[in-house]
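Encoded as structure tokens, the structure appears first; notes follow it.
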Amino acid sequence: MPIRLYDSLNRELKPLEAHQKDGVFRFYNCGPTVYAPAHIGNFRTFVVNDVIRRLLELEFGKDKVRHVRNLTDVDDKTIRRARDEGRPLAEVTKQWTDKFHADCAALNCLPPHVEPTATGHIKEQVDMIEVLLRKRHAYRAPDGSVYFRVSSFQEYGELSHLQERELKTGSALAGKPQTADADEKEDGSDFALWKAWKPEDGDVKWPGPDDAAAGRPGWHIECSAMSKKHLGDNIDLHTGGVDLLFPHHENEIAQSECCNGVTFANHWYHSEHLLVDGKKMSKSLGNLYTLDDLKAKGFSPMALRYSLLAGHPRKQLNFTLDGLHAAESALKTLRAYRAALPAQGGTVFVDQPVLEALQDDLNTPGALGALFTAINHHKPAEVSAEHFDRAMFALGFDLQAAESPKAAAPAEVEALAEKRWAAKTAKDFAAADALRKELATAGWSMLDRKDGYSLEPLKK
RNA sequence: GGUGCGGUAGCCAAGUGGUAAGGCCGAGCUCUGCAAAAGCUCUAUUCGGCGGUUCGAUUCCGCCCCGCACCUCCA
């Protein structure tokens with residue numbers, strides 16, 4: 001069954017298809033800017049895209065999927081961060097790239113096959129800009145920057161349906177200059193392909209395209225160049241968060257199609273934003289979470305992954321700590337159920353309803369519902385472990401990793417626990433119960449097993 | 001102002017022109033010295049409001065109310 005996925009360009013569900021003769025599905029996912037730890041909203045997009053990657057592997061075969069996700073390692077934010085910290089740009093971006101990789105691994109996201117960086121593809125970007133200059137789709141500004149001439153591309157605005165929009169007017173726009181370099185542009189909607197060096201850029205600069213000043217690439221061109229290099233001129237799927245729809249992806253289309261003369265992407269997909277407390281996450285609202293913030297609160301990364309998939313990817317998802325608790329509990333159920341499955345011989349395939357839901361426009365909450373419906377209706381003894389694991393693979397749940405991190409108990413709590421265990425084994429239940437109460441007062445719960453015990457911080 | 005998305009049980013959240021999946025929480029039960037774990041059972045005559053189409057609407061149409069996001073470099 002083909003994967004049907006919403007296409008942002010046509011605004012309809014379309015099957016995902018590999019268009020090249022080699023049958024390889026070409027998938028480009030816009031990656032993070034590495035200047036700070038990614039927040040959980042960023043990870044919503046990456047987790048959703050990881051499920052797409054997994055579905056593609058199941059659909060086309062593991063070796064017939066080529067997944068590229070870039071790292072933006074030079075832009076205003078990375079440069080500013082490096083300058084503020086007095087460190088080389090490469091050192092700062094390395095630090096946050098490593099952190100991003102660690103977080104992705106904790107969330108059980110498969111690494112992309114290629115993870116190109118903007119600074120690693122300066123030449124490819126310059127080459128593209130030179131083609132655009134020659135074709136008159138771009139022009140050199142007085143300061144040596146290069147801009148894309150939006151008026152030269154008739155189809156500009158198709159993705160974001162610009163022609164149906166009206167520019168914000170009145171007070172909402174007042175006081176918000178279009179861009180700082182408006183003076184340099186022929187038209188307000190033109191965008192930078194190459195930015196001439198400025199003093200605040202420090203030592204961040206490369207030789208520019210013909211005639212242009214030394215400087216650095218604009219943001220949008222990196223994805224066009226890296227996608228071209230690693231996937232070719234025509235790709236099968238291009239994805240990102242909704243906020244990238246305009247202008248980023250609109251600009252990518254313009255650059256790539258004007259340069260290459262062929263359709264850039266056959267399918268566009270955008271996942272919706274994660275909200276916190278009903279609002280978009282932002283530093284000013286103080287509602288921005290990182291994975292480490294949640295780990296510090298005792299939640300497992302897998303619970304975050306579950307939470308992020310508990311809402312439909314094309315709907316805004318309101319993130320709450322309650323939701324994380326729910327996810328943690330649901331994973332616990334799955335883990336217990338998995339442990340009860342026979343090693344082999346099960347004849348019920350619970351992956352089927354799960355995959356069907358996912359193939360239907362990536363309905364992750366529907367898939368979770370189908371999963372639980374299936375396991376509620378079948379005793380573990382009937383269920384095929386292999387197929388259960390296939391469902392876990394598609395969703396990317398690593399049940400082994402799903403245990404919440406256990407905090408170590410302080411020595412005095414350990415001592416109390418030892419005393420209680422001794423009292424219990426001596427069948428002095430009155431003393432044992434009293435000690436259990438003492439432990440609870442100290443904030444700990446003691447879990448008895450046949451041959452021993454463990455300690456857990458008391459849940460609120 | 002424009003564009004897009006949404007309002008389903010205490011919370012989260014699928015879904016369909018034919019009478020409401022699932023998760024969490026809560027309650028009861030089984031099991032167990034106790035507790036926990038695990039298992040079982042129960043929990044929306046109703047889908048923002050008002051009209052319309054229809055044999056029948058939560059699902060289609062219209063209007064209204066409310067929320068969120070985007071509108072040039074934020075996943």
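Chain naming here is simple, since letters A, B, ... match the order of the sequence lines and numbering starts at 1 in each.
- Salt bridge annotation for A:Glu272-A:Arg314: absent, with no cationic side-chain nitrogen under 4.0 angstrom from a carboxylate oxygen.
- Of the candidate nucleotides B:C40, B:C34, B:C24, B:C24 has the atom lying nearest to any side-chain atom of A:Ala326.
- Contact between the side-chain N/O atoms of A:Asn251 and the OP1/OP2 oxygens of B:C73 is not found at any separation under 4.0 Å.
- In this structure, A:Glu186 atom CD and B:U72 atom P are separated by 21 Å, rounded to whole Å.
- As judged by a 4.0 angstrom heavy-atom cut-off over every strand, A:Phe372 is placed among residues touching the sugar-phosphate backbone only.
- Taking the side chain of A:Lys195 as heavy atoms from C-beta on, and the options B:G23, B:C68, B:C73, the nearest nucleotide is B:C73.
- Remark: the separation of the P atoms in B:G48 and B:A57 is 15 Å, to the nearest Å.
- Distance check on atom C1': B:A20 versus B:U43 gives 14 Å, rounded to whole Å.
- The CZ atom of A:Arg335 sits 17 Å away from the P atom of B:G23 (whole-angstrom rounding).
- Rounded to whole Å, atom P of B:A37 lies 16 Å from atom CE of A:Met446.
- Residue A:Asn363 is classed as a sugar-phosphate contact, given heavy-atom separations below 4.0 Å to backbone atoms only.
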For residues 428-436 of chain A, dump all side-chain donor-acceptor pairs below 3.5 Å to protein atoms at least two apart in sequence or in another chain.
| residue | atom | partner | partner atom | Å |
| --- | --- | --- | --- | --- |
| A:Asp428 | OD1 | A:Ala431 | N | 3.3 |
| A:Arg436 | NH1 | A:Met446 | O | 3.0 |
| A:Arg436 | NH2 | A:Met446 | O | 3.4 |

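- Between A:Ser307 and B:G23 there is no side-chain polar atom (N or O) within less than 4.0 angstrom of OP1 or OP2.
- When heavy atoms are screened at a 4.0 angstrom cut-off, A:Gly240 is found touching the sugar-phosphate backbone but no base atom.
- Look at the P atom in both B:G67 and B:G56: the space between them is 35 Å, to the nearest Å.
- B:C24 and B:U41 are spaced 14 Å apart, taking the P atom of each and rounding to whole Å.
- A:His113 and A:His67 have perpendicular rings, their planes meeting at more than 60° on a 0 to 90° scale where under 30° would count as parallel.
- If you measure from atom CZ of A:Arg81 to atom P of B:C74, you get 14 Å, rounded to the nearest angstrom.
- For B:A35 and B:C42, the C1' atoms lie 24 Å apart once the distance is rounded to whole Å.
- The phosphate of B:C74 has OP1 or OP2 within less than 4.0 Å of a side-chain N or O from A:Lys77.
- At whole-Å resolution of the value, CG in A:Leu317 and P in B:C24 are 17 Å apart.
- Between A:Lys280 and B:A75, a side-chain N or O to OP1/OP2 separation shorter than 4.0 Å is absent.
- If you take CG of A:Leu244 and P of B:A75, they are 6 Å apart, rounded to a whole angstrom.
- Between A:Lys195 and A:Asp201 there is no salt bridge, since no side-chain N of the basic residue sits under 4.0 Å from a carboxylate O of the acidic one.
- A:Gly241 comes within 4.0 angstrom of sugar-phosphate atoms only, judged by non-hydrogen atoms across all strands, and of no base.
- Residue A:Arg436 places no side-chain atom within donor-acceptor reach of the base of B:G33, judged by atom type and a 3.5 Å distance cut-off alone.
- Between A:Phe299 and A:His325, the angle of the ring planes goes over 60°, which puts this pair in the perpendicular group of the 30/60° scheme.
- Using modelled atom types, one finds no donor on one side chain facing an acceptor on the other under 3.5 Å when comparing A:Thr290 with A:Asp292.
- With C1' as the reference atom, B:G4 and B:U46 are 29 Å apart, rounded to whole Å.
- Scanning atom types as modelled, one donor and one acceptor separated by under 3.5 angstrom connect the side chain of A:His273 and the base of B:A75.
- Atom pair A:Leu275:CG and B:G6:P shows a separation of 14 Å (rounding to whole Å applied).
- Counted by atom type alone, A:Asp7 and A:Asn10 present one or more donor-acceptor pairs between their side chains at under 3.5 Å.
- Rounded to whole Å, the distance from CG on A:Leu245 to P on B:C71 is 11 Å.
- Checked for salt-bridge contact, A:Asp50 and A:Arg54 meet the test: a charged N lies under 4.0 Å from a carboxylate O.
- In the set B:G22, B:A38, B:G33, the nucleotide with an atom closest to the side chain of A:Thr373 is B:G22.
- The side chain of A:Lys315 places no N or O atom within less than 4.0 Å of a non-bridging phosphate oxygen (OP1 or OP2) of B:A13.
- Nucleic acid contact for A:Asp433: base, since at least one base atom lies under 4.0 Å from a heavy atom of the residue.
- Between B:G4 and A:Arg11, a contact under 4.0 Å exists linking OP1 or OP2 to a side-chain N or O.
- Counting only Watson-Crick or G-U wobble pairs whose defining distances are both under 3.5 Å, the stems of 3 or more consecutive pairs in RNA chain B are B:1-7 with B:65-71, B:10-12 with B:22-24, B:26-30 with B:38-42, B:48-52 with B:60-64.
- The residue A:Asp75 sits apart from the nucleic acid: no heavy atom pair falls under 4.0 Å.
- For the C1' atoms, the distance linking B:G22 with B:A44 amounts to 14 Å, nearest Å.
- If you check every strand for non-hydrogen atoms under 4.0 Å, A:Arg69 touches nothing.
- Residue contacts shown for A:Thr333 are limited to sugar-phosphate atoms, with no base heavy atom under 4.0 Å away.
- In this structure, A:His248 and A:Trp219 have parallel ring planes: the angle between them is below the 30° cut-off, well short of the 60° mark.
- Comparing A:Asn318 and A:His220 against RNA chain B, the residue whose closest nucleotide sits nearer the 5' end is A:Asn318.
- When heavy atoms are screened at a 4.0 angstrom cut-off, A:Leu371 is found touching no nucleic acid atom at all.
- B:G7 and B:A13: their P atoms are spaced 9 Å apart (whole Å).
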Is there any protein nitrogen or oxygen under 3.5 Å from a nitrogen or oxygen in nucleotides 25-27 of chain B, and what are the pairs?
| residue | atom | partner | partner atom | Å |
| --- | --- | --- | --- | --- |
| B:C25 | OP1 | A:Ser329 | OG | 3.4 |

